[in-house]
Amino acid sequence: MKTLITALLVFSSPQLACSEKVINDFLMAAEENVNYFKPSGLSEQEMGAFTTWIEDAQFRVKTITDNNFSFNNHDESYEIRIQPKAWGQRDLENNLLKLQLTQYNNRYTQLLTSALTKRYFVIMDYLEHQYKTRYQIKLSSLLEQESQLLSSQVTSSSFNAKKLLETQEMLEHSKDMLVLYMKRLNATRKLLGLPQVYSDNLQSLSDTDWVIKVSEIDRFLLLAEKTDLDESAPAVVDAKTRLKMIQTENQLLKTKQQLGVDLLRFEYKDSKNDEMAFQLGVNIPLGSSYNGIKSYRKLSMEQSQLENKTRELRQTLVQIRQEIDWLSQELRLMQASSERIRKRLRQKSIGSDPFLTISLQKQLFADQIKYFERKKNLLKHYVSYLATSGKLTEQPLRNWIQSGTPHLIPR
């Protein structure tokens, strides 16, 4: 059996295991993949477009001829028309431009959140495949021992042929599963940028020790609940930004409709008797416009949307938190159960019975597999909580599933 395992699992050295640096680089690649969508800051040209006090300006030239359409005798007039901006319009337009940039930044954050979440899930798949492969090796070894013990009783009255056949069948199935787990493990290694290598020392590797403990997750969530997550949640930030944009647009519409100068016109007429003219146009607000009523209704709808998004966010976070609490309690019970089995295995009365020892060890391995499956489920809920609340993309970026949540280092 050892020869078979050696041929199947060829991991040459612990240095080739999934190190913290590999995880760091894999997560940082998410930021590089979405940097194309990251908006740049406002340029001087963009800001300059909103620093002038003039909304529109025109220069006009008019030529007047006689009835014979002769251009020998004609008059010309030159006209300049200026539409000044309303009082406060320039500041509101600047605010709208900044809010639009905030909206673009939030969309980039949402893309980064999605990219990081997918990569965290890939890492969890890797940990699961490695964990299951490692314990499948142990299970195969136990089944082989059990098969040998049963075979050694073939000449005794206690020989159980049915039990031997069942154990041999389980051993063959375990070998097949080992091959499958190995393929899945190498597939995820490839996604992480690790070479597909081979060795028989998978059991000695400890590259999962860096994973965050459940107690750390509980402490972090308790601290997170004391902060205002509404300020960082992408869905709520997006709704707040839209509301502010509509509020600003509504103020801008009112500003343009207020009493004020709407037109300045200067005209010079080149003729026998040179003439000059000056015209002043004043905007007079009378009643409510259709655009004003539509803007008010849109503002009311966005306020309702923000309230709904905020309520949905809080409900979602509470549900995720409750699920994490249930899984955390279940993991503690499973740990206690595993510890009881280990205590029994240390008892001399049990150690003297090889079949009972093997049975308890198989139960322990099965419990440990279930434990890791629950731990993976808890980690997924934990990452979902971070993504929903906006914590996942807080700068500087962190490795949230590593103990101590260290900052990620640019590649």
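Residues passing the side chain to side chain contact (heavy atoms under 4.5 Å, CB included) test with T155: none are found, sequence neighbours excluded. Under the salt bridge (Lys or Arg N to Asp or Glu O under 4.0 Å) criterion, E166 pairs with no residue, sequence neighbours left out. Residues that satisfy the side chain to side chain contact (heavy atoms under 4.5 Å, CB included) test with E339, not counting sequence neighbours, are R342, K343, R346. Under the side chain to side chain donor-acceptor pair (under 3.5 Å) criterion, R344 pairs with no residue, sequence neighbours left out. Every residue meeting the salt bridge (Lys or Arg N to Asp or Glu O under 4.0 Å) condition with R242, not counting sequence neighbours, appears here in chain and number order: D238, E302. Scored by the side chain to side chain contact (heavy atoms under 4.5 Å, CB included) test, Y371 finds L331, M334, Q335 as partners (sequence neighbours excluded). In this structure, the salt bridge (Lys or Arg N to Asp or Glu O under 4.0 Å) partners of E225, at least two apart in sequence or on a different chain, are R321. With sequence neighbours left out, K132 forms a salt bridge (Lys or Arg N to Asp or Glu O under 4.0 Å) with E128, E373. Checked against side chain to side chain contact (heavy atoms under 4.5 Å, CB included), Y104 has the following partners two or more places apart in sequence or in another chain: P39, Q100, R107. Listed by chain and residue number, nothing satisfies the side chain to side chain donor-acceptor pair (under 3.5 Å) test with N105 (two or more places apart in sequence, or in another chain).
Identified under the ring pair (Phe, Tyr, Trp, His ring centres under 6.0 Å) test for residues 311-344, with sequence neighbours left out: none. The stretch residues 378-407 participates, sequence neighbours left out, in these salt bridge (Lys or Arg N to Asp or Glu O under 4.0 Å) pairs: K391-E394.
In this structure, a donor-acceptor pair under 3.5 Å is present between the side chains of S328 and R332. Between the side chains of N377 and R374, no donor-acceptor pair of N or O atoms lies under 3.5 Å. Inspection of the E216 and S403 side chains reveals an N or O donor paired with an N or O acceptor under 3.5 Å.
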